[in-house]
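Read through the structure below, which is laid out as structure tokens, and then see the notes.
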Amino acid sequence: MELPFAESYKIKMVEPIWKSTREQREEWIKKANYNLFNLRSEQVFIDLLTDSGTGSMSQNQWAAIMTGDESYAGSSSYYHLKDAIKNILGFDYFLPTHQGRAAENVLFSVLVKEDDVVPGNSHFDTTKGHIEYRKASAVDCTIDEAFDTESLHPFKGNIDLEKLEAVYSTHPAGQIPMVIVTVTCNTSGGQPVSMQNLRDVHALSQKYGIKVVFDSARFAENAWFIQQREDEYRNSTIKEIVAEMFSYADAMTMSSKKDGMVNIGGFIAMKDEELLKQASVFNIMFEGFNTYGGMAGRDMNALAVGLDEVTTGYYLENRIQQVAYLGNKLIEWGIPVQKPIGGHAVFVDAKKFLGHVPKEEYIAQTLAIELYLEAGVRGVEVGTLLADRDPKTRENRYPKLEMLRLAIPRRTYTNNHMDVVAVALKNIFDRREEIDHGYRIKKEAPIMRHFSVELEHAEKVHKK
């Protein structure tokens with residue numbers, strides 16, 4: 001008999017989490033204005049809001065924290081991280097930042113100006129926010145298969161080369177500062193980008209003289225899928241695949257809270273020393289001196305270890321297996337999800353789950369609230385709220401995909417927790433016809449509204 005899969009680690013420390021009653025959750029979510037970001041962490045039983053900074057660090061990372069050098073300038077921790085970025089990712093130059101959106105802010109302050117056009121594969125919320133804040137436009141060039149949740153295309157994060165070249169050929173090169181390739185592509189369901197697509201995007205961009213920038217928050221998960229799904233790389237190590245991936249990038253931003261496996265931190269890396277000099281001006285203004293940039297020395301030490309650990313097969317197998325475990329349970333019960341299952345999260349197709357709820361009432365947010373009420377599980381909407389309003393018309397943008405994202409923290413929950421999530425969704429699925437109203441906005445910010453939006457029951461609005 002074949003031995004079952006088991007995690008390649010054991011638990012050394014535990015943190016208690018508390019169960020609550022439905023009545024308590026109804027009161028808490030109402031006080032939070034039906035915004036899951038406004039809940040206190042102790043009001044959540046299983047927290048799948050994000051995998052960003054919520055994972056567990058290894059004993060080697062904790063040991064590295066104890067030897068952090070907190071010197072303001074030129075700390076040894078900075079050079080440990082510099083060496084790791086060079087050896088694993090292949091970039092000669094880097095700037096530390098306090099997190100990923102800070103890296104975007106610094107880099108885009110150099111590269112993006114008003115009326116620019118920035119193509120990519122389904123830009124994530126902060127990326128699009130930083131582009132549109134600068135009165136530029138983000139253009140989605142993702143392949144069409146990404147928007148068919150039943151399609152089993154192995155690389156739904158791929159950029160459509162015809163769409164990309166259409167952008168390149170209809171705008172002057174000076175109006176396109178870069179193409180952004182997000183690996184894996186979060187917004188389309190944690191879907192990977194193939195090595196062949198990275199190679200082709202790089203070649204096309206070189207032809208037009210345009211920089212290629214990777215949003216690299218989950219680069220190691222992307223490398224795992226390349227190893228598993230591209231025959232050419234079956235016998236390559238994750239580190240070998242990562243090295244080739246980044247050979248097709250001129251620069252990268254990183255939220256280290258994902259595949260850096262730390263609780264805080266980010267960085268920008270680049271191959272061009274002149275770009276480093278320009279970005280350094282903004283890094284000092286916004287983040288801190290260039291050898292700490294918003295990170296403590298101990299956190300840079302932990303990140304250096306994390307980059308090494310995340311690029312090992314044994315870690316990634318555990319990671320991908322747990323996400324697939326939850327996804328496959330939902331598929332078994334007929335619950336519509338983005339297929340194939342992505343790297344860091346399971347994305348539930350809210351349009352198919354609650355198709356009778358009007359799109360104006362925020363279908364994915366409605367499902368996210370129902371899941372919290374059912375079992376104290378906090379997910380996040382990746383749909384109309386996140387898509388925000390068109391910056392010119394101020395009308396809602398209704399994306400092709402309306403998803404509930406269940407982002408699984410690294411090395412944090414057991415499969416028993418995944419069973420709770422699956423059963424909770426099954427219970428909601430069985431009574432989905434009873435959910436005939438969603439929510440309306442009471443108050444929203446002018447950009448990236450989903451973080452702070454205040455909602456009310458649409459049913460109550462109708463009755464007024």
Side-chain angles (χ1 to χ4, degrees), residues 81-82 84-97 100-113 116-121 123-124 126-127 130-131 134 136 138-139 141 157-159 161 164-165 167-169 171-185 193-220 222-223 226 241-256 259 266-283 290 293 307:
L81 182 54
K82 180 178 174 65
I85 290 169
K86 172 61 177 176
N87 294 336
I88 298 170
L89 308 180
F91 290 91
D92 289 321
Y93 309 107
F94 97 102
L95 293 169
T97 63
R101 70 191 64 180
E104 291 173 336
N105 186 40
V106 170
L107 185 62
F108 294 5
S109 292
V110 176
L111 296 180
V112 183
K113 62 183 185 302
D116 276 354
V117 174
V118 184
N121 57 340
H123 312 67
F124 197 56
T126 61
T127 313
H130 280 300
I131 292 167
R134 291 166 172 82
V139 180
C141 296
N158 280 0
I159 285 179
L161 296 173
L164 183 61
E165 187 156 26
V167 176
Y168 285 176
S169 62
H171 297 83
Q175 197 179 358
I176 307 174
M178 59 186 155
V179 56
I180 296 177
V181 188
T182 307
V183 288
T184 58
C185 186
V193 182
S194 72
M195 189 73 83
Q196 185 61 54
N197 192 245
L198 296 176
R199 191 180 295 131
D200 291 342
V201 168
H202 180 254
L204 182 64
S205 301
Q206 278 195 318
K207 172 184 171 183
Y208 283 88
I210 294 168
K211 288 183 174 64
V212 178
V213 176
F214 287 3
D215 177 344
S216 311
R218 300 174 180 90
F219 74 93
N222 200 92
I226 288 173
I241 294 169
V242 165
E244 183 175 346
M245 281 173 56
F246 284 108
S247 73
Y248 303 124
D250 299 296
M252 62 172 285
T253 60
M254 177 77 183
S255 172
S256 304
D259 273 357
F267 61 88
I268 312 160
M270 63 282 284
K271 296 172 181 174
D272 178 11
E273 188 175 10
E274 181 57 32
L275 181 57
L276 171 75
K277 292 176 181 177
Q278 294 175 27
S280 294
V281 175
F282 293 100
N283 210 58
N290 287 333
L307 290 173

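Keep in mind that the numbers below use all heavy atoms, side chains included, and drop hydrogens, waters and symmetry copies. For reference, positions follow the sequence shown, starting with 1.
- Side-chain contact between Q175 and K113 is absent, with no heavy atoms from C-beta onward closer than 4.5 Å.
- Salt bridge present: K86 and D92 bring a charged side-chain N and a carboxylate O closer than 4.0 Å.
- Contact of the V118 side chain with the P177 side chain is registered, since non-hydrogen atoms from C-beta on lie closer than 4.5 Å.
- Here the side chains of V181 and V193 are in contact, with some heavy-atom distance below 4.5 Å.
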Derivation of the ring-ring contact (aromatic ring centres under 6.0 Å, His included) call for Y248 and F214: CA-CA 9 Å; Y248 303 124; F214 287 3; 8.1 Å; no
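- In terms of the side chain to side chain contact (heavy atoms under 4.5 Å, CB included) criterion, residue partners of A103 (sequence neighbours excluded) are, by chain and number, T97, T253, I268.
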Residues S109, R134; criterion side chain to side chain donor-acceptor pair (under 3.5 Å); working and verdict: CA-CA 9 Å; S109 292; R134 291 166 172 82; 2.9 Å; yes
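- Residues K271 and Y93 form no side-chain contact, since every pair of their non-hydrogen atoms from C-beta on lies 4.5 Å or further apart.
- Proximity of M270 to M252: side-chain heavy atoms (C-beta onward) are nowhere separated by under 4.5 Å.
- A heavy-atom distance below 4.5 Å is found between the side chains of V112 and M178.
- Neither side chain, Y208 nor S169, offers a donor N or O lying under 3.5 Å from an acceptor on the other.
- Considering only residues two or more places apart in sequence or on other chains, K277 meets the side chain to side chain donor-acceptor pair (under 3.5 Å) condition with none of them.
- Scanning both residues, I210 and V179, for their nearest heavy atoms gives CG2-N, 4.0 Å.
- The number of heavy atoms from other shown groups lying within 6.0 Å of NZ (K82) is above 12.
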